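Below is one structure, written out as structure tokens; the observations come after it.
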There are 2 protein chains.
Amino acid sequence: MPTALRPASPQLDARPLYRQVEEILLGRIVGGDWPPGHALPSEPELAAELGVSQGTVRKALTELELRHVIERRQGRGTTVSRHNSETARRHFFRLRDLSGSAVISRIIVVSCDEGRAEPWEAAALGIREGDPVHHLRRIRLLDGSPRIFERCTLSATLVPGFGVPPGEFAQELYVYLQQAHNVTIRRAEEDLSAAGADAETAEALGKPVGTPLLMVQRIAYDVANRAVEVRLSMIDTERHRYAVRLD
Amino acid sequence: MPTALRPASPQLDARPLYRQVEEILLGRIVGGDWPPGHALPSEPELAAELGVSQGTVRKALTELELRHVIERRQGRGTTVSRHNSETARRHFFRLRDLSGSAVISRIIVVSCDEGRAEPWEAAALGIREGDPVHHLRRIRLLDGSPRIFERCTLSATLVPGFGVPPGEFAQELYVYLQQAHNVTIRRAEEDLSAAGADAETAEALGKPVGTPLLMVQRIAYDVANRAVEVRLSMIDTERHRYAVRLD
DNA sequence: AAGTGGTCTAGACCACGAC
DNA sequence: TCGTGGTCTAGACCACTTA
């Protein structure tokens, strides 16, 4: 069933055609018609279905590709992005060792509880104070040593029934969210500062209280731009650096 | 004089045409034929001169625009990017106040000397140990308070005769480099960590030695991808945050 | 009114991947 | 071999800026 992009009646939507195409395609992905890993119709097929030229479809697909919503490969086709440990880390894990190389990371879940949103969590997640949330505490081992203590808060309305067992957890959180809860994280905002280690963090990392740590507050958003997670990471930067490229 | 993009003899350059166009245009900008602020020929003119279609020129220009080398405006034309305090800050100054708003910043030059490159400086700048460099120390006031102490090292071969007087300095360093030394910074890499304040920094910021500070090491590259500056910034994050977007 | 970049089309050919 | 996305062309019309 072709989507009516340009009805006979005068078009009030003044946005460029390729923006509208982009939104239609994104809608199908967000709505679950095309789940992660699904192969999209070919460009000529999409063009015919939507009643636009292949060039317009291409421009829309290029935008979605830049936002990592889809992946295109010559000869193979276009698929909805699927998180895996590589892409999840490349996009959302900025730590490198002192030589600039990627880091081997292991994750230990300390605890996972249900709770109510504190004011700062509610503000970050765009929900109301007291709304149900899940709390997750994790320790990350970088190259074998405990270097990061993370306190994560997830909006329970977006990931109902969330829960992971304590102990080592091999999977990246965002891969797990996609596979187990059908929630795809697409972007995040981080605010960085320096702080002395608090008691809980100091114990988790085996450092004295007050040790200077890199504190990262992250808010993660899904494909539909909903805030899913707010996370406070306390990072021991003795042997690692948080890498940023400005261009 | 048209540039021969596709000679009669078989073309060995297998790169796409638009990449070659991109390189030609970038070459004219780097070479100084088109200085910052200069208006480029129109797309049809470039297409005719280079012997390609306007669509190919457009794709090359789009790439350069994404890299902030040029700026395009409908009806007005395309110009070579010129640093000003707005763009310089938007790209290279990541600090926000606790509400996420931009910050009013003043710069005080503490000292400016000539010197020889230490090993770590030489490694960062891609020069040899002992090569001539300029050292610059600055204090930044954010919203009126001293919050950042910066130690900058510039490669003297790229900015010969560099020098700024001590005291307040209204201009952004990269704007000054472009206007006074014809060097345009286009991108930078930053490595972030947490560290206790050393004696020099503690005095500059009026904080006790050992106060946790955000330490940022930046390497700045010009349009020709040469390392121009390495900078160590010590930042008091009591009332400010370093903002990063991951997408 | 003239000229610029922005959008959109229709069609050609090529490089790559899967069968 | 076939279908995919990648490149390239030629030309139309539109929206914006400047004069």
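Computation of the quantities below employed the complete heavy-atom set of this structure, encompassing side-chain atoms and omitting hydrogens, waters and symmetry-equivalent molecules. Since the structure is predicted, the reported quantities are computational estimates derived from the model, not experimental observations. Just so it is clear: chains get the letters A, B, ... in the order the sequence lines come, proteins before strands, and each one is counted from 1.
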Taking only the side-chain heavy atoms of B/Ser42 (C-beta and beyond), determine which of D/dT9, C/dT9, C/dG5 contains the nearest atom.
-> C/dG5

Would you jot down, in residue-number order, the residues of residues 67-78 of chain B having a non-hydrogen atom under 4.0 Å from DNA chain C?
-> B/Arg72, B/Arg73, B/Gln74, B/Gly75, B/Gly77, B/Thr78

Could you state the atom-to-atom distance from CG of B/Leu40 to C1' of C/dG3 in whole Å?
-> 16 Å

Would you please name every residue forming a salt bridge (charged side-chain N to carboxylate O under 4.0 Å, His left out) with A/Glu150, sequence neighbours left out?
-> A/Arg138, A/Arg140, A/Arg231

For B/Leu61 and A/Thr56, take the nucleotide of DNA chain C holding the closest heavy atom to each; which residue's nucleotide lies nearer the 5' end?
-> B/Leu61

note: B/Arg15, atom CZ; D/dG6, atom C1'; distance rounded to Å ~ 16 Å

With a 3.5 Å cut-off and sequence neighbours excluded, list the donor-acceptor pairs that the side chains of residues 29-44 of chain B form with protein atoms.
| residue | atom | partner | partner atom | Å |
| --- | --- | --- | --- | --- |
| B/Ser42 | OG | B/Glu45 | N | 3.4 |
| B/Glu43 | OE1 | B/Gln54 | NE2 | 3.1 |
| B/Glu43 | OE1 | B/Arg58 | NH1 | 2.9 |
| B/Glu43 | OE2 | B/Arg58 | NH1 | 2.9 |
| B/Glu43 | OE2 | B/Arg72 | NH1 | 3.2 |

How many Å lie between CD on B/Gln54 and P on C/dT7, as a whole number?
-> 13 Å

Would you mind listing every salt bridge (charged side-chain N to carboxylate O under 4.0 Å, His left out) that reaches into residues 177-188 of chain B, with sequence neighbours excluded?
-> B/Arg187-B/Glu189

Can you find a side chain N or O atom of A/Tyr18 that sits less than 4.0 Å from OP1 or OP2 on C/dT7?
-> yes

Separation of D/dG3 atom P from A/Leu46 atom CG, nearest Å, is 17 Å

For A/Arg106, salt bridge (charged side-chain N to carboxylate O under 4.0 Å, His left out) partners two or more places apart = A/Glu168

Is it true that B/Arg15 and B/Glu23 have a side-chain N and a carboxylate O under 4.0 angstrom from each other?
-> yes

Looking at the side chain of B/Glu43, which of D/dA10, C/dG6, D/dT7 is the nearest nucleotide?
-> C/dG6

Sequence-distant partners of B/Asp222, salt bridge (charged side-chain N to carboxylate O under 4.0 Å, His left out), two or more places apart = B/Arg226

